[in-house]
Amino acid sequence: MSIRVYNTLTREKEQLVTRKPGRVDIYQCGVTPYDYTHMGHARQYVLWDVIRRYLRYRGYEVFCVQNVTDIDDKIIAKAQSLGISPDELARRFDREYLEVMDALGVERPDVYPRVTEHISDIIDVIRGLVERGHAYETVNGVYFDVSSFPDYGKLSGRNLDEMRAGARVEVDEAKKDPADFALWKKAKPGEPAWDSPWGRGRPGWHIECSTLALKYLGSGFDMHGGGTDLIFPHHENEIAQAEAYTGEGPFVRYWIHHEMVNVNQEKMSKSLGNLFTVRDVLKEFRPEDIRYFLVSVHYRSPANFGPGELNAAKSARARLVNVIDSIDHVLGTPGAKNGPREGDAGAGPAHDPAAIPGAADPAAGDLKSRIESLRNSFIEAMDDDFNTAGALGALHSLAREVNSFINRRRNAAFPPEDLEALKAARDTLWELGGLLGIFGVEPRVPGEDSRLLGKLVEFLVELRGQARERKEWALADQIRDRLKELGIVLEDTPQGTRWKME
RNA sequence: GGCGACAUAGCCAAGCGGUAAGGCGGCGGUCUGCAAAACCGCUAUUCCCCGGUUCGAUUCCGGGUGUCGCCUCCA
């Protein structure tokens, strides 16, 4: 088995063959920090967080570089309107980005370079491009000469003639060709600027990614990620700059683009005013539920975002969490030791062999083999272009088999073979779900502070248990109802009452 | 106008040549003191429409129709 990924450059799924065996070098387009982090960002970085975890699970060493474009036109404009410096604005929203990603359990990149700290590297690349005849200076700045790069358009499937025919290309009399794009922008008064051979100014939009990728990963690295909206012009230009500069290709082996987050079937974007910031969504939903939603749609399909979708994800995830809780409960209170129904283990239906105390359920062996087969389904789905939605299906199938297995025991004690199988199921669920990050972020065990709370709840559960033995149902129900109002749910199982926080 | 993607049940969503995963919701049943959770059954004779290729197509090809994206900042 091997991993296959869809490459935008070839428009085909290809077998993953890395530049260095056993290692995957990744570059991701980072954010331009000038506003709040939104759900579209969450989609990208959660996706790549999952890809990184999965590649590691499959035995690769993974190295990830992600830039911060902390100087550009939008930052300058926003900073001016707020009356603060561009640097202050960029740092504020960069911090916002990192906080939100931490909350979502997204692992940080290995290298997180800021553009403003790499101006001299950028100037070196621009100078190289000018020297090799791929760029020229005008009164406004330095421009990349697209006609000097015959492969221009290979990523986005465009050709220059078509583009020139399009009327929407910016008009700049000083440029040789409307499709030429800025590598260096000469500063206007009041704008932040750095010295360069072409006077004071700042980098153009695309050059930072080529420069930083070449600096930290070198030419020909493995995966480059970003949204489909960056294919043209951003990534097209990145290729042109990098390959023209190094004189060799390919700059990137696999271009991996995720689709957009939509709202009401329309792209979520600033211009449409339908943005959802992650910070706001986090007020209503747990990070794991947000991740579940994101991962329940294949990354190359648009993901429609809304409360309904999020709630469906929440319910679906609860099912998975619940099965883990069920197993933990069984493992923590084995019937043979302190199960409340120990004496009446034989009370189950006589025709049910699983109900004979101490007898191993023949299904235990089956469960174990099913665990492995579903693990393989999970891997198969993920190997196929990171099909997280398919992988989730395997997890749910495993959940049903476990629940069914536990159900069949009813009041009977679980023999060691069963407990072992259940533990294996639990570990597998936990491990594979962990690759998707749908369990990891929440505290499974109450922290120090809530230890007292736990003891109090257990005391109430104990009192309620006594009331139930006396068949004082009204009192028992009152305790359960009041706790429910406080967000604490009680469930009576053959292995005793268990409780959880909602 | 140019380029591209996608159309699967009430909803979300996999599958992409061998006869429709999974989830949410709904209905019926089992379990339960009652619940909750869970399990069982039902909820697409069919994958937008029309042609074609094939023994066979939701899956491939052609043509429609519809939705969306990029070509301007965008994840």
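All chains are named by letter (A, B, ...) in the order of the sequence lines, taking the proteins before the strands, and each is independently numbered beginning at 1. This one's a predicted model, so the numbers in the text were calculated from it and none came from an experiment.
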### Task
Just compare B/rA37, B/rG22, B/rC39 and give me whichever is closest to any side-chain atom of A/N322.
B/rA37
### Query
With respect to the phosphate group of B/rC39, does any side-chain polar atom (N or O) of A/N403 fall under 4.0 Å of OP1 or OP2?
yes
### Message
Can you pull out the residues from residues 35-42 of chain A that lie within a 4.0 Å heavy-atom distance of RNA chain B?
### Response
A/H38, A/G40, A/H41
### Query
Mind checking the P distance from B/rU65 to B/rG28? Whole angstroms is fine.
45 Å
### Task
Hey, can you tell me if A/Y299 and A/F386 have their rings parallel, tilted or perpendicular (30° and 60° cut-offs)?
tilted
### Query
What does A/V323 touch in the nucleic acid at a heavy-atom separation under 4.0 angstrom: a base, only the sugar-phosphate, or nothing?
nothing
### Short side-chain N/O contact to B/rA37 OP1/OP2 from A/R498, under 4.0 Å
no
### Listed nucleotide nearest any side-chain atom of A/A316, set B/rA36, B/rC24, B/rG69
B/rC24
### Message
At 4.0 Å (heavy atoms only), tell me whether A/S156 reaches a base, stays on the sugar-phosphate, or touches nothing.
### Response
sugar-phosphate
### Message
Applying a 3.5 angstrom cut-off to the pairing atoms, does RNA chain B sit in any stems of at least three consecutive Watson-Crick or G-U pairs? List them by first number.
### Response
B:1-7 with B:65-71, B:10-12 with B:22-24, B:25-30 with B:38-43, B:48-52 with B:60-64
### Query
Partners of A/E491 by side-chain contact (heavy atoms from CB on, under 4.5 Å), sequence neighbours excluded?
A/N322, A/V489, A/R498, A/K500
### Message
Suppose you measure atom C1' in B/rC49 against the same atom in B/rU67; what distance do you get, rounded to whole Å?
### Response
15 Å
### Message
Work out how far the C1' atom of B/rC31 is from that of B/rU45, and round it to whole angstrom.
### Response
34 Å
### Task
May I have the distance from A/Q478 (atom CD) to B/rA35 (atom P), rounded to whole angstrom?
19 Å
### Query
Quantified in whole Å, what is the P atom distance between nucleotide B/rA13 and nucleotide B/rA7?
10 Å
### Residues forming a side-chain contact (heavy atoms from CB on, under 4.5 Å) with A/L16, sequence neighbours excluded
A/I3, A/T18, A/L55, A/Y60, A/M223, A/Y254
### Query
Residues in side-chain contact (heavy atoms from CB on, under 4.5 Å) with A/L272, at least two apart?
A/E266, A/S269, A/N274
### Task
In whole angstrom, give the distance that lies between atom CG of A/L275 and atom P of B/rC73.
17 Å
Show which side-chain atoms of residues 105-112 of chain A pair as donor or acceptor with protein atoms under 3.5 Å away, not counting sequence neighbours.
residue: A/E107; atom: OE1; partner: A/R56; partner atom: NH1; Å: 3.4
residue: A/E107; atom: OE1; partner: A/R56; partner atom: NH2; Å: 3.3
residue: A/E107; atom: OE2; partner: A/R56; partner atom: NH2; Å: 3.0
residue: A/R108; atom: NE; partner: A/D102; partner atom: OD1; Å: 3.2
residue: A/R108; atom: NH2; partner: A/D102; partner atom: OD2; Å: 2.7
residue: A/D110; atom: OD2; partner: A/C64; partner atom: N; Å: 2.7
residue: A/Y112; atom: OH; partner: A/D94; partner atom: OD1; Å: 2.6

### Query
Please give, in whole Å, the distance from B/rC31 C1' to A/E491 CD?
14 Å
### side-chain N/O A/R319 vs B/rC39 OP1/OP2, d < 4.0 Å
yes
### Message
Quiz question: going by heavy-atom distance under 3.5 Å, is there a donor-acceptor pair between the base of B/rA35 and the side chain of A/R480?
### Response
yes
### Task
Would you mind reading off the distance between A/Y152 atom OH and B/rC3 atom P, rounded to a whole angstrom?
17 Å
### Message
Angle between ring planes, A/H235 versus A/H257, binned at 30° and 60°: parallel, tilted or perpendicular?
### Response
tilted
### Task
Under 4.0 Å between any heavy atoms, over every strand shown, what does A/I406 touch: base, sugar-phosphate, or nothing? Just pick one.
nothing
### Distance in angstrom units between A/N237 CG and B/rC70 P, rounded
16 Å
### Message
For a quick check of understanding: with a heavy-atom distance under 4.0 Å over all strands, which category does A/D492 fall into, base, sugar-phosphate or nothing?
### Response
base
### Query
What is the ring orientation for A/F144 with A/F181, classed by angle as parallel under 30°, tilted 30 to 60°, or perpendicular over 60°?
parallel
### Task
Output the single nucleotide from B/rG69, B/rC39, B/rG22 whose closest atom is nearest the side chain of A/N407.
B/rC39
#### Entry: Among B/rC24, B/rG33, B/rA75, the nucleotide that comes nearest once only the side chain of A/S315 is considered
B/rC24
### Message
B/rC70, OP1 or OP2 - any side-chain N/O from A/K267 closer than 4.0 Å?
### Response
yes
### Task
Could you give the distance separating B/rC16 and B/rC73 at their P atoms, to the nearest angstrom?
37 Å
### Task
Validate the cation-pi geometry between A/K74 and A/Y34: distance from NZ or CZ to the six-membered ring centre under 6.0 Å, angle to the ring axis within 45°.
yes
### Rounded interatomic separation in angstrom, taking CZ from A/F405 and P from B/rA38
18 Å
## Note on the structure
So the salt bridge (Lys or Arg N to Asp or Glu O under 4.0 Å) pairs with at least one residue in residues 294-314 of chain A (sequence neighbours excluded) are A/R300-A/D385
### Query
Between atom CG in A/D180 and atom P in B/rU72, what is the gap in whole Å?
14 Å
#### Entry: Qualifying residues under side-chain contact (heavy atoms from CB on, under 4.5 Å), relative to A/V252, sequence neighbours excluded
A/F221, A/H224, A/W255
### Query
Would A/T10 and A/E14 count as having a side-chain donor-acceptor pair, cut-off 3.5 Å?
yes
### Query
Within this structure, what is the CD-to-C1' distance between A/E266 and B/rG66, rounded to whole angstrom?
15 Å
### Task
Would you kindly compare A/K500 and A/G227 by the position of their nearest RNA chain B nucleotide and give the one closer to the 5′ end?
A/K500
### Task
Check side-chain hydrogen bond (donor to acceptor under 3.5 Å, both in side chains) between A/E284 and all other residues, then give those that pass, not counting sequence neighbours.
none
### Task
Would you give a per-nucleotide map of nucleotides 9-17 of chain B, 5' to 3', where B means the base has a protein non-hydrogen atom under 4.0 Å away, S means only the sugar-phosphate does, and - means neither?
----SSS--
### Phosphate contact (B/rA38 OP1 or OP2) by A/R408 side-chain N/O below 4.0 Å
no
### Distance between P atoms of B/rG26 and B/rA36 (Å, rounded)
12 Å
### Spacing of the C1' atoms in B/rC71 and B/rC61 (rounded, Å)
29 Å
### For A/W184, all residues meeting side-chain hydrogen bond (donor to acceptor under 3.5 Å, both in side chains), sequence neighbours excluded
A/S196
### Query
Taking atom types as modelled and ignoring hydrogens, do the side chains of A/S373 and A/R370 form a donor-acceptor contact shorter than 3.5 angstrom?
yes
### Message
Among B/rC39, B/rC34, B/rC70, which nucleotide has an atom closest to any side-chain atom of A/D229?
### Response
B/rC70
### Task
Could you tell me whether A/H234 contacts a base, only the sugar-phosphate backbone, or nothing, with contacts defined as non-hydrogen atoms closer than 4.0 Å?
nothing
### Query
Would you say A/R300 reaches B/rA5's phosphate, i.e. side-chain N/O to OP1/OP2 under 4.0 Å?
no
### Query
Taking the C1' atom of each, how far is B/rA44 from B/rU8, in whole Å?
8 Å
### Task
Please collect all salt bridge (Lys or Arg N to Asp or Glu O under 4.0 Å) contacts where either partner lies in residues 228-237 of chain A, sequence neighbours excluded, each pair once.
A/D229-A/K267
### Message
Mind checking if A/D477 touches a base, just sugar-phosphate, or nothing, with heavy atoms under 4.0 Å?
### Response
base
### Task
Please work out if A/L230 contacts a base, only the sugar-phosphate, or nothing of the nucleic acid, heavy-atom cut-off 4.0 Å.
sugar-phosphate
